[in-house]
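Only this structure's heavy atoms are used, side chains among them; waters, hydrogens and symmetry mates stay out. The chain is numbered in sequence order, starting from 1.
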Amino acid sequence: MPSSLGSHTVSHTSASDLEPVRFVHTSEARRLLPSASRWNSIEIDFNLLPQSTMANDSIPPRYSKSYQYNLVITDKKYFKRCLYISVSTVFLILALLLLLHFLPSKHHHDRPSKNLTLALNQALTFFDAQKSGVYPNNSPVKFRASSGLQDGNSGSKPANLEGGFYDSGNNIKFSFPTAYTVTLLSWSVIEYHDKYADIGELDHVKDIIKWGSDYLLKLFVPPNTTSDTILYSQIGSANSDAKVPNDINCWQRPEDMDYKRTVSFCDNTASDLAGEIVAALSAASLVFKEDNVYSGELVTAAEKLFESAITKLDPARQGTYTKVDACGGEARNFYNSSGHQDELVWGGTWLFFATGDNSYLGYATEEFDYAVGNETSADKGVFYWNNKLTANAVLLTRLQFFRDLGFPYEASLGASSDMTDSLMCSYLSSQKMTPGGLIIQWPNLGAARLEYAATASFLSKLYSDYLDLLRSSGRSCGGFGFSLDMLRNFSTSQVNYILGENPMKMSYMVGFGDKFPSQVHHRSASIPWDGQYYSCKDGEDRWQFSKDPNPNLLLGAMVAGPDQFDNFIDQRDKQEFTEPSISSNAGLVAALIALHAPPYLPSSKTKGMNLGIDQMGIFAKIM
């Protein structure tokens with residue numbers, strides 16, 4: 001071989017002192033060939049350099065021919081073994097990748113340490129305990145029976161107002177929080193009905209929603225030639241100073257009520273109440289969209305109420321239901337509405353989803369900024385029975401993400417998206433936490449309020465699922481960025497706190513875990529179910545202030561919760577700690593189903609994305 005090709009010698013120092021092997025570079029500067037004749041069958045080609053299309057010696061090669069590879073082969077047997085191992089490793093890696101691809105895709109984002117299937121079943125059972133009217137025989141709650149069968153018969157505008165839910169530990173039926181409860185439960189089903197179905201709770205939650213929506217249909221009487229619009233706002237008296245027995249000063253089971261049940265009603269100027277009922281009926285219509293008759297009935301009522309209380313009403317006459325004594329005077333001490341614009345926007349948004357009519361979306365988007373400008377400082381960032389703006393921003397952001405309608409909604413939907421990102425940042429960057437980690441959204445209240453933490457948990461997990469569907473790793477607001485894991489960690493932490501991971505080591509949902517409140521502020525739970533009649537005086541003397549545990553387990557009831565220092569007083573007469581409500585439990589149910597693991601689906605159906613959320617179902621009516 002000409003010396004111009006270069007050569008170097010590799011010595012073998014084995015006992016046999018084998019003949020030296022001489023390696024040379026080929027003219028293509030890619031191959032090293034041992035020159036010994038006994039190894040001429042071995043060729044090493046790394047294919048690292050581009051193939052030449054020229055004759056070998058026509059032009060100088062691009063890469064130097066004198067580059068030293070420093071490759072030493074000492075034994076043919078070891079070399080072959082190395083090749084076999086390398087090839088086997090590659091095939092093993094490929095097999096593992098294929099196996100991972102075909103395994104079911106599941107998300108494991110900091111799942112709660114609790115049994116959420118059990119917790120969800122129990123949280124829904126609380127609504128069974130709150131039912132008024134003809135009590136169903138198949139109810140899982142055995143210390144309840146039919147009650148309130150004469151509701152609505154008294155008063156200047158009598159009507160059949162049987163049904164609905166008792167609000168909390170008393171026997172009053174408040175229309176405003178009832179409508180909010182139906183809206184929120186319906187929203188959770190619209191988003192996560194696959195999860196509900198997977199754990200066997202879809203029929204259960206739909207029964208609860210229908211119990212509420214059936215009642216809401218009774219509350220609205222459209223105007224006619226002889227009467228204006230009627231909205232029934234309250235059944236039962238909340239006057240604690242009354243000299244006669246009523247639903248506040250009498251500690252009595254609803255089955256034993258024999259006092260007069262007053263009826264409060266409003267006209268179409270009760271804009272907040274009207275807007276919330278519109279939202280509830282519209283959202284429920286999407287839950288029951290497969291039942292064309294019932295769904296149609298809900299939508300028709302919602303559209304009539306929207307027209308009467310919003311479209312045809314002078315905005316100067318719009319207002320809150322609690323501003324008029326006859327309408328919501330007694331409710332001020334319980335559910336005092338701070339404004340009506342958020343409910344009007346909320347109602348318009350849900351009615352758009354229920355009908356696909358862009359005029360409702362136009363109303364909602366045009367009024368949204370005005371509603372935000374009139375939001376009270378205390379309500380900012382809080383989603384609960386009195387404020388829907390944060391949730392409305394999430395809904396409109398959903399629309400922008402997955403069904404953007406373009407002009408003329410871009411600006412409003414963009415503003416909603418920014419507001420949603422800011423909301424998430426407020427959850428994550430908030431310094432307003434109890435020492436145990438529960439978010440405090442109303443610092444001046446003196447209590448943390450579990451209901452606010454529950455809805456914050458729901459919205460943060462829901463929004464993380466939206467972002468996951470977009471394949472987005474996170475968002476930012478100002479100088480603060482957040483990831484999906486940060487949202488899910490926050491959401492999980494709030495539910496885990498409620499279910500027992502707190503300084504009191506107590507679950508604040510009755511019946512869950514080993515330690516939970518035993519003296520819940522609740523009439524039915526505190527009076528024995530023994531077939532005996534008990535008067536108001538019996539209840540007050542024997543059970544209202546008793547230090548004994550409740551004889552009946554109010555399964556699934558989330559109490560009001562601890563103070564801002566994580567302290568909790570388990571006493572029946574401390575209702576600021578121990579009273580549950582349907583609106584609070586609705587937020588808990590929504591958070592639990594959002595955090596629940598999705599159902600198993602083959603990866604071929606999920607395309608690698610299985611969150612248990614219905615991405616497009618809410619848009620079924622939008623063309």
Closest approach of [X] to [Y] (non-hydrogen atoms, all atoms of both residues):
X: Ser460; Y: Met424; result: CA-SD, 3.7 Å
X: Ala371; Y: Leu389; result: O-CD1, 3.5 Å
X: Ala279; Y: Thr183; result: C-OG1, 3.7 Å
X: Asn246; Y: Ser237; result: ND2-OG, 3.4 Å
X: Glu255; Y: Ser146; result: CG-O, 3.6 Å
X: Ser337; Y: Asn386; result: CA-OD1, 3.3 Å

Consider only side-chain N and O atoms of [X] and [Y], and report whether a donor and an acceptor are under 3.5 Å apart.
X: Gln519; Y: Asn550; answer: no
X: Tyr192; Y: Asp465; answer: yes
X: Gln571; Y: Thr578; answer: no
X: Ser132; Y: Tyr215; answer: no
X: Gln130; Y: His522; answer: yes
X: Ser584; Y: Ser581; answer: yes
X: Ser147; Y: Tyr166; answer: yes
X: Ser493; Y: Tyr497; answer: no
X: Thr181; Y: Ser583; answer: no
X: Asn170; Y: His521; answer: no
X: Thr322; Y: Arg332; answer: no

- Message: Run Lys195 and Asp198 through salt bridge (charged side-chain N to carboxylate O under 4.0 Å, His left out) and show every step you take.
- Response: CA-CA 5 Å; Lys195 289 186 182 182; Asp198 184 58; over 6 Å; no
Are the side chain of [X] and the backbone N or O of [Y] linked by a donor-acceptor pair below 3.5 Å?
X: Asp566; Y: Thr434; answer: no
X: Asp570; Y: Ser518; answer: yes
X: Arg523; Y: Cys250; answer: yes
X: Arg475; Y: Asp421; answer: no
X: Lys515; Y: Lys505; answer: no
X: Ser188; Y: Ala590; answer: no
X: Arg572; Y: Phe545; answer: no
X: Asn160; Y: Glu162; answer: yes
X: Lys142; Y: Ser139; answer: yes
X: Asn585; Y: Ala557; answer: no

Salt bridge [X]-[Y], side-chain N to carboxylate O under 4.0 Å:
X: Lys173; Y: Asp167; value: no
X: Arg398; Y: Glu191; value: yes
X: Asp379; Y: Lys388; value: no
X: Lys206; Y: Asp203; value: no

Could you tell me if the side chain of [Y] sits less than 4.5 Å from the side chain of [X], heavy atoms only?
X: Phe176; Y: Asn336; value: no
X: Phe383; Y: Tyr180; value: yes
X: Leu592; Y: His596; value: no
X: Met257; Y: Pro254; value: yes
X: Tyr452; Y: Ile440; value: no
X: Leu428; Y: Phe480; value: yes
X: Val394; Y: Tyr466; value: yes

- Item | Spacing of Glu540 atom CD and Asn249 atom CG [to the nearest 0.5 Å] |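 Result: 8.5 Å between the selected atoms.
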- Query: Nearest 0.5 Å, what's the NZ-CD distance between Lys432 and Gln441?
  - Reply: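 Taking NZ in Lys432 and CD in Gln441, the distance rounds to 9.5 Å.
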- Query: Using the benzene-type ring in the case of Trp, are the ring centres of Phe490 and Phe482 under 6.0 Å apart?
  - Reply: no
- Query: When the aromatic ring centroids of Tyr534 and Trp251 are compared, is their separation below 6.0 Å?
  - Reply: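 Ring-ring flag for Tyr534/Trp251: false, centres at least 6.0 Å apart.
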- Leu124 and Glu201: side-chain contact (heavy atoms from CB on, under 4.5 Å), yes or no, with the steps? CA-CA 9 Å; Leu124 289 171; Glu201 294 293 346; 3.6 Å; yes
- Apply side-chain contact (heavy atoms from CB on, under 4.5 Å) to Leu273 and Cys266, showing your working. CA-CA 9 Å; Leu273 178 58; Cys266 320; 4.2 Å; yes
- Query: Val382 and Thr390: side-chain contact (heavy atoms from CB on, under 4.5 Å), yes or no, with the steps?
  - Reply: CA-CA 7 Å; Val382 187; Thr390 53; over 6 Å; no
- On the 0 to 90° scale, with breaks at 30° and 60°, tag the Phe165-Phe127 ring pair as parallel, tilted or perpendicular.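 The arrangement is perpendicular - the two ring planes meet at more than 60°.
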- Task: Would you please classify the geometry between the Phe265 ring and the Tyr232 ring as parallel, tilted or perpendicular, with 30° and 60° separating the classes?
- Result: perpendicular
What do you reckon, is [atom1] of [X] surrounded by more than 12 foreign heavy atoms closer than 6.0 Å?
X: Lys380; atom1: NZ; result: yes
X: Asp530; atom1: CG; result: yes
X: Lys218; atom1: NZ; result: yes

- Task: Could you check Phe174 against Glu330 for side-chain contact (heavy atoms from CB on, under 4.5 Å), going step by step and ending with a plain yes or no?
- Result: CA-CA 10 Å; Phe174 290 108; Glu330 291 189 354; over 6 Å; no
- Think Lys131 forms a cation-pi with Trp211, using NZ or CZ under 6.0 Å from the six-ring centre and within 45 degrees of its axis? yes
